[in-house]
Amino acid sequence: MKNYDHKKSEKKWQEKWAEAKVFRALDDSPKQKYYCLIEFPYPSGEGLHIGHVRSCTAMDIVARKKRMEGFNVLYPMGWDAFGLPAENYAIKTGQHPSKIVEKNVAIFKKQCQSLGLSFDWEREVNTTDPEYYKWTQWIFLQLYKKGLAYKKKMPINWCPSCKIGLANEEVIDNKCERCGAETIKKELNQWMLKITEYADRLIEDLETVNYLDKIKTQQINWIGRSYGAEVNFKVKSFNESIKVFTTRPDTLFGATFLVLSPEHELVNKIITSDQEKEILKYQDEAKHKSDLERTELQKEKTGVFTGAYAINPANGLEIPIWIADYVLSSYGTGAIMAVPAHDERDFSFANKYSLPVKQVLAPLFEFTSGLDAIRPDKETRRRKTAYVFLKHWSEDKYLCLDWSKFGWHSGVIGGVEGNETFEEAGIREIKEETGYQNIKFIKNLGGELHNHFFAAHKDINNYAIGQVMLFQLVDDKQKEVDPEEVKNHTAVWVAGKEIEKFLNMAHFLYAWKIMKGTESECFAGAGVAINSDFLDGLDTATAIQTMNKWLVDMGLGKKTANYHLRDWVFSRQHYWGEPIPMVNCEKCGWQPINEKELPLELPDVEKYEPTQTGESPLASIDSWVKTTCPNCGGPALRETDTMPNWAGSSWYFLRYIDSKNKEMLADPEKLKKWMPVDLYNGGMEHTTLHLLYSRFWNKFLYDIDVVPTSEPYAQRVSHGMILAPDGQKMSKSRGNVINPDQIVSEFGADVLRLYEMFMGPYDQPVAWDLNGVKGIKRFLDRIAAFENFVEEDHYDVTSLLHRTIKKVTEDIDARRFNTAVSAFMIFMNEIQAKGCTKDAFKKFLKIIYPFIPHLVEELWSDLGEKELVQSQKWQEYNDELAILQEVEIPVQINGKVRAKLSVAVDIAEKDLKELALSNEIVQKYLEGKEPKKIIYIQGKLISLVI
RNA sequence: GCCUCGGUGGCGGAAUUGGUAGACGCACUGGACUUAAAAUCCAGCGACUGUAUAAGUCGUGCCGGUUCGACUCCGGCCCGAGGCACCA
């Protein structure tokens, strides 16, 4: 076809698809279901972003292919339309946010359609639709009923100049986004959701889903579980006790003071009168420090003595109780036991205030006298040699480390004299350095492991390393050790992982510090318990277990876990969100509204600004706020806070399944049919919030038998961002935003789609390049204009076609779209040169169809086909045809390619070897000799060693 | 500081149970067609040596190791991006 007009054609096919309803997901189809989900966008005023096009197209390709493969595909779209931008725009213009949303949604929808995205529009949802948020509110009520929603005083960001509460997104560098004034924290009673109750399941169930590894690790880190113990400390002369959390109960004997966070509830009860003034001052200061300041002033620790003492339950010692803001009230119990000898922070605090330090842990290896053996070396290559001898803390085992500043390379052993082996040289040198005469060589750890030792510390970066050996110093009177015994004895030292464990750790560092005279006296690693009564001699892991058991037996504490994850602050002091369906009755307290009253609709207000008191604008509507208590019928006030915009997006994937249901959130039968989502695509920035929140809600709904699966998404993938041509993020302020509408109108939707799939690996960021778009345009023009049809296919074309089908099929499944596009190009290059049959061309059209559906439909009908390509079956490939008849086998000599042989693919190994050996170039290199070894890799290469 | 990912021509990138590094595209250079330009088509395109040939050397952030053979595996380092951060 000579003149392909993308504007006309794209519109035509979009209409035909809509007419034929080929993108509709059917609830009663016998076909296997496939639920393909893309994060629904916030319909901003700027319209669809070029980045949306990338992910929507990618999922569109998957959806279209799956349909052709015979799946009943659900690929829906909707709008996450509550949120600040619409509210801010409403404040500015006085327009109702819903009007703004309506307008923007229309633009977005049109844009999606102009791209030919195969969404099933019959299932469209909008979080701001009362018929939708009715169920968001309903879920909140269920959470409340199960005790998972509660009120708590929490700080919000408050701008003293604008007198409004700000969302975290509105606070930049501790300043108000609107006026630039410093923000402060203001305590407000807020609704909270107990996501922490689900923390363990949110970690553990990750094993049952297929998420990208980086997504899993990020979630695990965010939840941040750590195991430890809670220990109770009695306060002297008070009938109170302080509970602390520690991950190292094994160091309890070394706890020489306690530290409470300034906000700790017990502080005011236990302070002595002479300390009161100072304490109150410190508390006041802490309150005025922002989070930023508290973390910025990391290095210098401050604190105040309360005047009270606690009893260390392990040894009965009286230890002082301090307060300090390096202890956070929001983590653990808000109090710690300080073990300065084995914790860096406690150590620096103890140093500053001259508090006692007590060692209760020794490293597994200790520095011995041989350590400072640095000496000039006259005869050998080395000019300076140093040995470190580390002695095992209890056994008569030594680790000998040897390095040289002006080291040698592999294979060259320094320090060897005459014909002696390296081992002999080692023994000789140990004798010289230590005076020990009876030394047993145990094992040379060689070059493979030596770097383990020295990477442990930055100071020794400059040392190139020779060899590392294990020696045993045998007492002169002792008999030689049985070789078998040595083996067992030393197994722990040398067995792969074990040695890594030992060597990568703090022990060496500690020994090194002593040697350098920079020992800090704080050893925070794992080791062996000392000065700890019944724990003495136990390694850290065993000591922790023993201590945990002891704590329980004595009724002093228990093993427990702590999380970084905090409960979800669910209140926003804004207008444009779902009203929280609760009322506060003077008599009955907080009461949920009757479910029959849902949806609790947002009333109209005159002004959208938050109020001067920090309440939401809803607070100013008396008629709405004043209501009756659902419990006693007495006067009550409505909650005026609204939900965060994460609320609506936490369950939208469920609503697509039954978007028009008036009776329930969604029909259980339909949920059973469609859940879980098979493939969910979204941005990495949603990993720790939206993704976690929606998993939490789904799990909750699963627990109350509303949904059929514990995990909502079987697979989660992520797209990379599209950057501006200069490699910067696209933003309005930089003025480097690319408008997709413009590209669609100038080049066509197919060009934009294919370009975005080709630009780079799907999951990585790539910079926009207009020349690349033009290149894709050229490629599409070549497809459109192709007419080099022949009667019968050349074998090469047939074989390439089948290889291309295979590659594209696999690439789409693995989301390697860029290499699939390259395969299309290779195929086009081939058939332009050699020609192909109409049949082969049609097969090609079918596999490129998901990428450029409009052009393909046009060419397809042009070739006389009556049906839509979307209703065709996905093209299959024939493995036999995909095989090349003739291959080029490179001949390597000593690892370098010297010649290439063109041979039949099924050539016998013997024949190939003969052919290779008789090759002229190979002969030249062989110089009449026989090769030592011939390596043949089937169909890949032949390698001669001479 | 900790965790995660990444580093390959002028550019985007390709190559994974270790087996021809640079597919495909862009940019660039030369040629054909044209009065000319655009478009299109053909050829070249990592660096160096060499005679524009033949041939050879080097080359995937850096330093080592394993191997007949390393972008790929192992150890360490450097740089960049993202996340977390006084987390007891």
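Atom set for the values below is all heavy atoms of this structure, side chains included, hydrogens, waters and symmetry mates excluded. None of the values given here were measured: they were computed from a predicted structure. Naming: A, B, ... by sequence-line order, numbering from 1 per chain.
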Inset, instruction - Counting heavy atoms from C-beta on, name the nucleotide in C86(B), C58(B), C87(B) closest to the side chain of H564(A). - result: C87(B)

Inset, instruction - Find which nucleotide of RNA chain B each of G334(A) and M684(A) is nearest to by heavy atoms, and output the residue with the more 5' nucleotide. - result: M684(A)

Inset, instruction - Provide the distance between the two C1' atoms, one in A54(B) and one in C63(B), to the nearest whole Å. - result: 37 Å

Inset, instruction - Would you please name every residue forming a ring-ring contact (aromatic ring centres under 6.0 Å, His included) with F245(A), sequence neighbours left out? - result: none

Inset, instruction - Scan residues 825-835 of chain A for pairs that pass salt bridge (Lys or Arg N to Asp or Glu O under 4.0 Å), counting only residues two or more places apart or in two chains. - result: D796(A)-K834(A), E830(A)-K834(A)

Legend entry - Pairwise C1' distance, U49(B) and G61(B) [rounded to whole Å]: 26 Å

Inset, instruction - Please state how far atom OH in Y755(A) lies from atom C1' in C11(B), giving the value in whole angstrom units. - result: 11 Å

Legend entry - Within-4.5 Å side-chain heavy-atom neighbours: V891(A) and R898(A): no

Inset, instruction - Taking only Lys NZ, Arg NE, NH1 and NH2, and the carboxylate oxygens of Asp or Glu, determine whether K243(A) and E230(A) approach each other closer than 4.0 Å. - result: yes

Inset, instruction - For G13(B) versus C26(B), give the span between their P atoms, rounded off to a whole number of Å. - result: 16 Å

Inset, instruction - Figure out the CE/P separation between M721(A) and G80(B), and round it to whole Å. - result: 19 Å

Inset, instruction - For the pair K558(A) (side chain) and L551(A) (backbone), establish whether a donor and an acceptor sit closer than 3.5 Å, ignoring hydrogens and angles. - result: no

Legend entry - I889(A) backbone acceptor or donor facing K940(A) side chain under 3.5 Å: no

Legend entry - Euclidean distance for C1', G64(B) against A14(B) (whole angstrom): 28 Å

Inset, instruction - Look at the side chain of Q219(A) and the backbone N and O of T687(A), then say whether any donor-acceptor pair between them is shorter than 3.5 Å. - result: yes

Inset, instruction - Check each of V327(A), I321(A), I336(A) against L260(A) using the side-chain contact (heavy atoms from CB on, under 4.5 Å) test, and report the only one that passes. - result: I321(A)

Legend entry - With sequence neighbours excluded, residues passing side-chain hydrogen bond (donor to acceptor under 3.5 Å, both in side chains) with Y762(A): N681(A)

Inset, instruction - Name the nucleic acid region contacted by S226(A), choosing base, sugar-phosphate or nothing; use a 4.0 angstrom heavy-atom cut-off, strictly under. - result: sugar-phosphate

Inset, instruction - Mind calculating the distance between NE2 (H719(A)) and P (C5(B)) to the nearest angstrom? - result: 20 Å

Legend entry - Any donor-acceptor pair under 3.5 Å from N788(A) side chain to Q832(A) backbone: yes

Inset, instruction - Using the C1' atoms only, state how far G56(B) lies from C71(B), rounded to an integer number of Å. - result: 23 Å

Inset, instruction - Give a yes or no on whether the backbone of V717(A) and the side-chain of D763(A) come within a donor-acceptor separation of less than 3.5 Å. - result: no

Legend entry - Flag, side chain of H564(A) to backbone of N221(A), donor-acceptor distance under 3.5 Å: no

Legend entry - L780(A) CG to A39(B) C1', straight-line distance once rounded to whole Å: 16 Å

Inset, instruction - Would you mind reading off the distance between Q218(A) atom CD and A85(B) atom C1', rounded to a whole angstrom? - result: 14 Å

Legend entry - First of N562(A) and D213(A) reached from the 5' end of RNA chain B, by closest nucleotide: D213(A)

Legend entry - Same-atom distance (P) from G22(B) to A47(B), integer angstrom: 14 Å

Legend entry - Whole angstrom value for the distance that separates P of A88(B) from OH of Y326(A): 13 Å

Inset, instruction - Summarise protein proximity over nucleotides 12-31 of chain B in one line of letters, 5' to 3': B for base, S for sugar-phosphate only, - for none, counting protein heavy atoms closer than 4.0 Å. - result: BSS----BB--BBSSS----

Legend entry - Nucleotide G80(B), atom P - distance to CG of L723(A) in whole Å: 17 Å

Inset, instruction - Ignoring hydrogens and angles, tell me if any N or O in the side chain of Y282(A) forms a donor-acceptor pair with the backbone of T302(A) under 3.5 Å. - result: yes

Inset, instruction - Give R898(A) one of three labels, base, sugar-phosphate or nothing, depending on what nucleic acid heavy atoms sit under 4.0 Å from its own. - result: sugar-phosphate

Inset, instruction - Could you measure between the two P atoms, the one in C74(B) and the one in A55(B), and give it in whole Å? - result: 37 Å

Inset, instruction - Could you state the atom-to-atom distance from NZ of K896(A) to C1' of G59(B) in whole Å? - result: 11 Å

Inset, instruction - Enter syn or anti for the glycosidic conformation of G9(B), syn applying to angles within 90° of 0. - result: syn

Every protein N/O within reach of nucleotides 48-50 of chain B N/O, cut-off under 3.5 Å:
none

Inset, instruction - Quote, to the nearest angstrom, the C1' distance that separates G69(B) from C3(B). - result: 35 Å

Inset, instruction - Both distances under 3.5 Å, Watson-Crick or G-U wobble: on that basis, could you give the dot-bracket string for RNA chain B, with [ ] for crossing pairs and | for other-strand partners? - result: (((((((..(((......[....))).(((((.......))))).((((.....))))..(((((..]....))))))))))))....

